[in-house]
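Worksheet for the structure shown next.
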Amino acid sequence: MNSEIEKNDSNNIKLKKKNGIKGLLKSGLSLSVLTLLSRILGLIRQRTLAKFLGTSLLADAYQVAFNVPNLFRRLFAENSISVAFIPTFRGYLEESDTPEGKKAAQNFVSATLTLLTFVTVSFVVICIIITPLLMRIFYKEGDTASITEATLLTRIMFPYLALISIAALFQGILNALKIFSPSGFTPILFNGIVIASAYILSPYTANPARAMAIGVVAGGTVQAFFQLPFVIKNNWKVTFTSLKKAFTNPGTRRVLALIGPTIIGMAAYQVNDLVSSALATRTGEGVFSSLSYSLRVQELILGICAVTIGTVILPDLTAFANKKQWPEFSSMLSYSLKIMAFISIPITFYSLLMGQSLISLLFQTGEFNSESTIMTVNVFRCHIIGLYFIALNRILAPAFYAQQDTVKPTVAGIINFAVNIILASIFCKIWGGPGIAIALTIASCVNTIVLFIFLAKNPNISNNVVLTSSILYSFRMILFSVIASVPIYFLKDKIIGLFQGHHIFISQGIPVIITGLLFAAIGIGLMAVTRDPLIKTLVKKLKR
């Protein structure tokens with residue numbers, strides 16, 4: 001009798017794991033399509049910037065102005081929602097079957113909206129006032145023209161911080177309900193609006209940078225209000241409450257308690273970005289812009305894999321942690337880490353081989369000339385080496401947040417900050433922009449190692465299921481990528497030579513397609529021959 005019960009329990013666990021992985025693939029693939037479209041439009045937005053501004057001082061001013069509110073966005077928006085709001089809201093959802101539970105959940109949503117709006121709007125007003133002082137961080141005393149333009153652009157775009165924070169809250173509500181598509185579609189709208197603004201408003205503004213800055217604020221507004229009907233449709237009221245109730249609500253107090261330990265880590269992260277940006281702008285003209293263009297390509301890849309999977313798994317990991325279902329937790333985490341290796345490692349090898357063709361294809365137009373291309377390629381090759389580590393970090397961090405452990409990712413973030421700042425300060429004097437990029441790569445690698453060490457000491461996690469299998473699978477992907485790289489290395493120049501003298505989309509686009517297909521065919525062939533379990537699961541899902 002006991003053996004029969006144990007057998008049934010074992011079958012139930014296997015079924016839950018299977019359903020969890022199926023759900024991850026279903027949600028991940030649908031969100032990946034939207035994210036892919038968003039990242040492609042993001043590239044077109046960056047290409048538009050390259051066309052109008054290239055790697056000029058005005059391009060640097062726009063990039064600085066855009067990045068300043070985005071630095072704080074991570075604290076008020078993504079970080080707060082993923083670390084604190086979603087886990088807390090999931091707890092409320094599990095008790096919302098009763099009228100009292102539903103009312104408590106609604107009060108929590110209203111209190112959070114009130115608190116977030118008050119804090120972000122107050123912060124934006126203060127920062128707009130002190131913007132000239134902030135710009136002194138990035139520019140030397142003699143750069144008067146650059147400081148003046150960057151100050152104006154920053155003041156135009158700072159309200160975007162409040163708008164995107166509210167949009168992130170709506171996204172958190174929907175993601176906690178396992179509704180991902182509306183939030184996945186909003187970046188598409190944002191990018192489209194910024195691109196349109198550049199072409200439509202540029203004739204009516206002093207320069208294209210100001211036209212795109214106006215588009216950023218308009219896009220942020222649309223991002224927030226587009227999700228609102230979906231929140232209301234799912235029976236959640238979007239209302240404000242008094243500040244007293246907002247600060248004393250048990251849920252918001254829990255959110256603040258969870259955010260507390262991360263504030264130190266996020267502060268370190270913000271200082272990290274600020275110092276890196278300041279080093280870039282002070283290193284020379286176009287350095288900051290080339291770093292931004294390079295990171296945009298990296299973000300395209302991260303958006304398709306790491307951000308998508310990280311967004312999808314957090315609610316499920318939180319549910320498994322709350323119910324103490326650690327085998328399911330370990331299985332989903334391991335599967336996600338393997339997907340990261342499956343995507344990021346081959347892309348890294350291919351990008352190192354075809355980096356110049358990729359950058360030329362994506363950005364070389366208008367003011368973005370061959371000199372801009374070389375500058376960006378040198379930075380991109382140093383950035384892309386860190387793709388695998390950054391991808392893993394965006395999966396490992398939610399694993400801790402799901403257990404409401406914000407301390408360990410914070411410690412890892414502080415270590416990351418220290419390594420990056422020290423190395424960037426040294427390397428920028430030796431190698432310029434590429435030095436700043438390689439410092440970020442090394443720091444990301446250290447961050448991954450620290451998170452793996454913390455994970456290995458977690459008694460709830462199966463090291464064999466998560467750590468050992470993930471690391472072994474990563475070495476497998478490295479081996480396959482090396483094998484697939486050999487023919488590309490010897491054939492790429494000949495393939496590029498066949499199409500020289502034509503339009504950029506032919507001279508660089510066709511070689512990228514041919515080499516990409518050849519590289520993928522060899523890699524998939526190796527996985528098929530070795531009967532890789534991950535590709536079997538993906539093929540079955542794609543067939544369905």
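In this chain, numbering begins with 1 at the start of the sequence shown. Heavy atoms only: backbone and side chains are in, while hydrogens, waters and symmetry mates are out.
For the atom pair CZ of Phe72 and OH of Tyr160, the computed distance is 15.0 Å after rounding to the nearest 0.5 Å.
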Step-by-step ring-ring contact (aromatic ring centres under 6.0 Å, His included) determination, Phe108 to Phe85: CA-CA 10 Å; Phe108 168 61; Phe85 178 80; 5.3 Å; yes

Full working for ring-ring contact (aromatic ring centres under 6.0 Å, His included) between Tyr199 and Phe52: CA-CA 9 Å; Tyr199 286 97; Phe52 283 105; 5.3 Å; yes

Check against side-chain hydrogen bond (donor to acceptor under 3.5 Å, both in side chains), Ser360 and Gln508: CA-CA 7 Å; Ser360 298; Gln508 301 297 338; 4.8 Å; no

Derivation of the side-chain hydrogen bond (donor to acceptor under 3.5 Å, both in side chains) call for Thr131 and Thr151: CA-CA 6 Å; Thr131 295; Thr151 297; over 6 Å; no

Worked check of side-chain hydrogen bond (donor to acceptor under 3.5 Å, both in side chains) between Gln356 and Thr373: CA-CA 7 Å; Gln356 185 157 347; Thr373 298; over 6 Å; no

Side-chain polar contacts of residues 381-389 - donor-acceptor pairs under 3.5 angstrom, sequence neighbours left out - could you list them?
| unit_1 | atom_1 | unit_2 | atom_2 | d |
| --- | --- | --- | --- | --- |
| His383 | ND1 | Ser294 | OG | 2.7 |
| Tyr388 | OH | Ser474 | OG | 2.5 |

Could you list the donor-acceptor pairs under 3.5 angstrom formed between side-chain atoms of residues 243-250 and any protein atom two or more places apart in sequence or on another chain?
| unit_1 | atom_1 | unit_2 | atom_2 | d |
| --- | --- | --- | --- | --- |
| Thr248 | OG1 | Lys244 | O | 2.7 |
| Asn249 | OD1 | Gly251 | N | 2.7 |
| Asn249 | OD1 | Thr252 | N | 3.3 |

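Between Tyr293 and Phe368, the ring planes are perpendicular. Angles over 60° get that label, and only those under 30° would be called parallel.
Each of Val379, Asn378, Val297, Ile374 was evaluated against Ile359; a single residue qualifies, Val297, per the side-chain contact (heavy atoms from CB on, under 4.5 Å) test.
With sequence neighbours excluded, the residues that form a side-chain contact (heavy atoms from CB on, under 4.5 Å) with Arg210 are Glu149, Leu152, Leu153, Thr205, Ala206, Asn207. Applying the side-chain contact (heavy atoms from CB on, under 4.5 Å) rule to Ala162 yields the partners Thr120, Val121, Val124; only residues at least two apart in sequence or on another chain are considered. Listed by chain and residue number, Asn393, Leu396, Phe400, Ala412, Asn447 satisfy the side-chain contact (heavy atoms from CB on, under 4.5 Å) test with Leu451 (two or more places apart in sequence, or in another chain). Remark: Ala196 pairs with Ile200 by the side-chain contact (heavy atoms from CB on, under 4.5 Å) rule, at least two apart or across chains.
A heavy-atom distance below 4.5 Å is found between the side chains of Val64 and Tyr139.
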